[in-house]
Structure formats: structure tokens, C-alpha cells
S.K.: 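Shown below is the structure under consideration.
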Amino acid sequence: STVKLSESFYEDLLLRKLWRRGKSLLEALPTDDPQKVISALNGLIRWGHSSGRAWLAWFAFGVEEICNSTQ
């Protein structure tokens, strides 16, 4: 179920484990290859019914928090 998946995701996150799709995006971002970034984003967007989009939303929130804390 979605609840069990969410529990597993947060347990892994707290253990500093990153799932493949998220890792692909993080590896693509520092490259000079926009196609690699787009491919990684598409992989996340197509993940589950809304899991990938939810992951991206929380990722964006985390990036914003980091940026705001350094100002």
C-alpha cells in the first residue's frame, strides 16, 4: 500500500539511503548535460501515481530551505 511505501521511503531517508530515481537526479544535476537531468526528472515524474512528483516537491522544499538558511 501507499502507506507502507511511504514508511519505507522515510525509514531509508533517515538512514541516509537514497532510492535509485532520486540518486539519478542528484548525479545528473552537477553535469553539463541537460538531457541527463531531463531524463532523471522524467523517471521521477513517471514513478507511481504521485510518488515521484511528491519526491520532487519535497526535494524542492529542501533545496529552498538550504538556500534560505545560507542567506
S.K.: Look at the aromatic rings of Trp58 and Phe61 and report parallel, tilted or perpendicular, splitting at 30° and 60°.
M.R.: perpendicular
S.K.: Working to the nearest 0.5 angstrom, can you tell me the gap between Leu44 CG and Asn42 CG?
M.R.: 9.0 Å
S.K.: Do the side chains of Leu26 and Ile38 join up, straight or via other hydrophobic residues, at under 4.5 Å, putting them in one cluster?
M.R.: no
S.K.: OG of Ser51 to CZ of Arg21: how many Å apart, nearest 0.5 Å?
M.R.: 9.0 Å
S.K.: side-chain contact (heavy atoms from CB on, under 4.5 Å) with Leu41: which residues, sequence neighbours excluded?
M.R.: Leu25, Val37, Leu56
S.K.: Please identify each residue that fulfils side-chain contact (heavy atoms from CB on, under 4.5 Å) with Ser39, with sequence neighbours left out.
M.R.: none
S.K.: Please find the pair of heavy atoms, one from Ile45 and one from Arg53, that lie closest to each other, and give the distance.
M.R.: O-NH1, 3.4 Å
